[in-house]
There are 2 protein chains.
Amino acid sequence: MDDQTVDLQDGARPTLEDVAAHAGVSRSTASRALNGDTYVSARAREKVLASAAALGYSPNQAARSLVTRRTGAVAVVLSEAEATVLDDPYFAIVVRAAFRALADAGSQMLLMFVDSADDVPRTVRFLDGGHVDGALVFASHQKDPLPAAVQQLRLPVVFGGPAGNLTSGVHAVDFDNRAGAAAAVEHLIASGRKQIAMVSGPPDHRAAADRLTGWRSALTAHKIRGTRLFEQGDFTIEGGRSAMAKLLARKPDLDAVFAASDLMAAGAIRELEAAGRRIPDDVAVIGFDDNPVLAPVMKPPLSSVHQDPRLQVRRMVETLTALLAGEEVTPARHMLGVSLTLRESG
Amino acid sequence: MDDQTVDLQDGARPTLEDVAAHAGVSRSTASRALNGDTYVSARAREKVLASAAALGYSPNQAARSLVTRRTGAVAVVLSEAEATVLDDPYFAIVVRAAFRALADAGSQMLLMFVDSADDVPRTVRFLDGGHVDGALVFASHQKDPLPAAVQQLRLPVVFGGPAGNLTSGVHAVDFDNRAGAAAAVEHLIASGRKQIAMVSGPPDHRAAADRLTGWRSALTAHKIRGTRLFEQGDFTIEGGRSAMAKLLARKPDLDAVFAASDLMAAGAIRELEAAGRRIPDDVAVIGFDDNPVLAPVMKPPLSSVHQDPRLQVRRMVETLTALLAGEEVTPARHMLGVSLTLRESG
DNA sequence: GGGTTTTCTGGGAGCGCTCCCAGAACGAAT
DNA sequence: ATTCGTTCTGGGAGCGCTCCCAGAAAACCC
């Protein structure tokens with residue numbers, strides 16, 4: 001028995017030194033054994049591992065990151081109004097998927113919300129403070145100052161969706177909003193609809209703008225007039241409803257509506273029904289997002305453009321992981337395809 | 001000008017030493033000035049602050065926590081099936097509120113999900129690893145092994161809702177599920193309903209069990225029979241729907257349903273309508289949670305038992321903060337009141 | 001004025017870890 | 001045996017910070 005007796009204060013956490021003493025080796029050897037380094041004899045490794053288990057050792061992360069300059073944590077930043085984050089299951093899915101993907105990559109997820117421009121300095125300071133190794137940033141508004149500020153930092157960052165108004169030099173994983181919108185409109189046209197209105201989103205919102213562009217381009221591609229038959233909503237049910245009301249006032253005989261989000265589609269449907277229109281008989285409705293808690297359970301079930309946030313997050317984490325590993329990754333906007341999920345509404 | 005010239009490697013982060021040199025004071029004084037300690041002359045404080053700003057200094061968190069034994073991070077652990085977390089905006093609200101409350105308390109939020117029992121050891125190891133100062137744990141299932149495991153650790157923990165099967169010795173902030181359920185049933189009774197069925201939740205789910213008890217006790221308090229007229233759902237729309245189908249088969253002339261969640265209430269309503277019942281004329285329906293994205297927008301708008309997750313989280317953070325400050329807090333289950341929000345469904 | 005208290009300052013130690021380096025141990029080749 | 005290379009080990013330095021302590025400086029008292 002060459003184990004040494006090590007007496008620990010009862011409340012104290014064992015240190016590497018304690019493990020080493022218990023195993024009868026030096027601190028260096030213990031460190032090497034624990035970290036799987038080369039040049040450790042099988043005998044020493046075994047003893048160290050056993051001692052670590054016996055003492056219930058777990059390394060002090062602070063001490064380790066002080067010397068390795070790695071924290072093992074990645075920030076996930078959601079720069080979005082509170083209501084949006086709450087109403088939209090997209091973010092719940094993203095957060096969830098990010099946790100998984102990061103955990104698999106050996107990192108912890110530090111979740112941060114940015115509500116208003118006031119929060120930006122605080123957030124930037126934190127990100128710059130060496131608390132995290134990298135960041136995944138979701139900022140869909142063009143006016144959002146966060147992306148530009150974050151990009152200044154020497155911190156690996158991957159954006160989800162648009163990166164504010166940054167167009168080049170950034171790592172981003174986005175959906176092909178334009179193609180998705182076009183696909184929805186193409187379907188409406190193919191099924192014989194003539195007056196295809198749109199409930200658009202805030203023009204400041206990049207994805208919303210792209211969806212509007214997709215709608216418009218599909219119409220023009222088919223030489224259909226009425227590319228101004230759109231009204232702006234704010235991604236809420238109420239906003240969708242009032243936009244729909246305006247559209248009905250402008251064009252009572254419209255026979256289809258494409259909404260830039262499922263929530264707005266829900267509002268539009270409510271307004272249409274209040275106005276006595278049957279769906280999809282009188283008016284077909286297609287949404288965007290394929291909101292899993294909304295689209296399938298609506299009455300009628302909502303057709304919607306489907307996107308896969310989990311895939312998006314996985315791609316983002318892959319990119320960030322490569323960046324953290326020091327690989328040379330050329331900054332690029334990675335485009336993810338979307339598809340049309342047809343249900344009963346259109 | 002008594003500032004000293006400090007040359008930094010261009011990529012290097014300035015250290016406290018750099019700031020001190022730039023300000024012409026010692027490292028100790030710089031530290032005191034930056035941390036707002038006592039006994040620093042106004043002159044020195046100003047110079048240090050100016051130098052820190054000029055150099056863009058931000059303290060190395062690892063070095064600081066190595067000596068202070070504080071990480072400045074708090075884990076928020078959601079031990080819940082993935083689907084539940086996604087479908088239920090309660091968690092989005094909780095996460096959001098926790099971020100705010102913790103940020104206000106000067107802590108970062110480390111969000112962790114525990115999907116299955118397999119995740120428990122990993123999570124416990126992490127929490128025990130000194131990465132966080134404390135934890136807020138949400139674990140609503142009685143069989144969940146996490147609470148007991150976490151409670152073993154010498155880590156300040158506050159539970160949200162039930163703490164698995166732990167009943168005493170824990171800090172917890174819970175809602176008065178029983179009283180809420182009873183209030184809903186009381187209202188149904190008062191408005192003349194005679195056959196009040198219930199769509200309950202999984203018996204393993206503490207809150208669900210309490211809601212069932214509340215329903216039952218309200219019935220017996222009014223000497224109403226039929227305390228076995230309940231069917232179990234699983235907190236999903238589909239589960240609510242099939243439970244409702246069973247209830248209708250058992251008692252076609254029931255005139256009210258209390259559901260242990262809004263999602264199940266939604267399923268119940270769908271089934272009731274499919275069976276030709278009008279709501280609330282034929283059957284009154286009351287849910288639980290007052291799900292903000294669901295209850296107000298349902299057709300008809302759903303009456304529901306309202307609870308305030310934000311308040312819950314704030315209380316939890318208050319308790320944790322006190323614990324972290326070393327205050328002696330007697331472990332207790334803090335009960336939060338709930339209220340009945342009446343809309344059109346019942 | 002000397003003495004005492006209060007305010008302020010700088011140096012040293014040390015938190016627990018990783019990494020570098022010199023040297024020991026061990027085998028294989030001369 | 002002697003040399004050489006490889007494998008393995010322990011000690012020392014240092015990451016950037018906070019805290020303790022001794023001592024300097026200022027302020028206040030008789």
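Here is how names work: the chains are called A, B, and so on, in the same order as the sequence lines, proteins then strands, and each is numbered from 1.
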Return a table of donor-acceptor pairs under 3.5 angstrom between the side chains of residues 104-113 of chain A and protein atoms on other chains or two or more places apart.
none

List every contact pair, protein side and nucleotides 6-8 of chain C side both N or O, where the distance is under 3.5 Å.
from: dT7(C); atom 1: OP2; to: Tyr39(B); atom 2: OH; distance (Å): 2.9

Checking Arg100(B) now: which residues fulfil salt bridge (Lys or Arg N to Asp or Glu O under 4.0 Å) with it, not counting sequence neighbours?
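Testing Arg100(B) for salt bridge (Lys or Arg N to Asp or Glu O under 4.0 Å), a comparison that skips the adjacent residues, returns Asp115(A), Asp119(A).
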
Among all residues two or more places apart in sequence or in another chain, which pass the salt bridge (Lys or Arg N to Asp or Glu O under 4.0 Å) test with Glu17(A)?
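Residues passing salt bridge (Lys or Arg N to Asp or Glu O under 4.0 Å) with Glu17(A): Arg27(A).
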
Verify the distance criterion only: is there a donor paired with an acceptor across the side chains of Arg13(B) and Ser58(B) at less than 3.5 Å?
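Present: a donor and an acceptor within the cut-off.
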
Can you pull the ring-ring contact (aromatic ring centres under 6.0 Å, His included) pairs that have at least one residue in residues 139-165 of chain B, sequence neighbours excluded?
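Every ring-ring contact (aromatic ring centres under 6.0 Å, His included) pair that includes a residue of residues 139-165 of chain B, provided the two are not neighbours, is His141(B)-His205(B).
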
Reading 5' to 3' through nucleotides 14-20 of chain D, protein heavy-atom contacts under 4.0 Å coded B for base, S for sugar-phosphate only, - for none:
-BBBBBB

Partners meeting side chain to side chain donor-acceptor pair (under 3.5 Å) with [X] (sequence neighbours left out):
X: Thr321(A); answer: none
X: Thr68(B); answer: none
X: Ser41(A); answer: none

Among residues at least two apart in sequence or on other chains, which ones pass ring-ring contact (aromatic ring centres under 6.0 Å, His included) with Tyr90(A)?
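Testing Tyr90(A) for ring-ring contact (aromatic ring centres under 6.0 Å, His included), a comparison that skips the adjacent residues, returns none.
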
Show me the side-chain donor-acceptor pairs of residues 125-135 of chain B shorter than 3.5 Å, one per line, residues at least two apart or across chains.
from: His131(B); atom 1: ND1; to: Phe126(B); atom 2: O; distance (Å): 3.2
from: His131(B); atom 1: ND1; to: Gly129(B); atom 2: O; distance (Å): 3.4
from: His131(B); atom 1: NE2; to: Gln61(A); atom 2: OE1; distance (Å): 3.4
from: Asp133(B); atom 1: OD1; to: Thr71(B); atom 2: N; distance (Å): 2.7
from: Asp133(B); atom 1: OD1; to: Thr71(B); atom 2: OG1; distance (Å): 3.1
from: Asp133(B); atom 1: OD2; to: Thr71(B); atom 2: N; distance (Å): 3.4
from: Asp133(B); atom 1: OD2; to: Gly72(B); atom 2: N; distance (Å): 2.8

At what angle, to 10 degrees, do the two end axes of the helix from dG1(C)-dC30(D) to dT30(C)-dA1(D) meet, given five pairs define each axis?
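Overall, the helix from dG1(C)-dC30(D) to dT30(C)-dA1(D) bends by 50° from one end axis to the other.
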
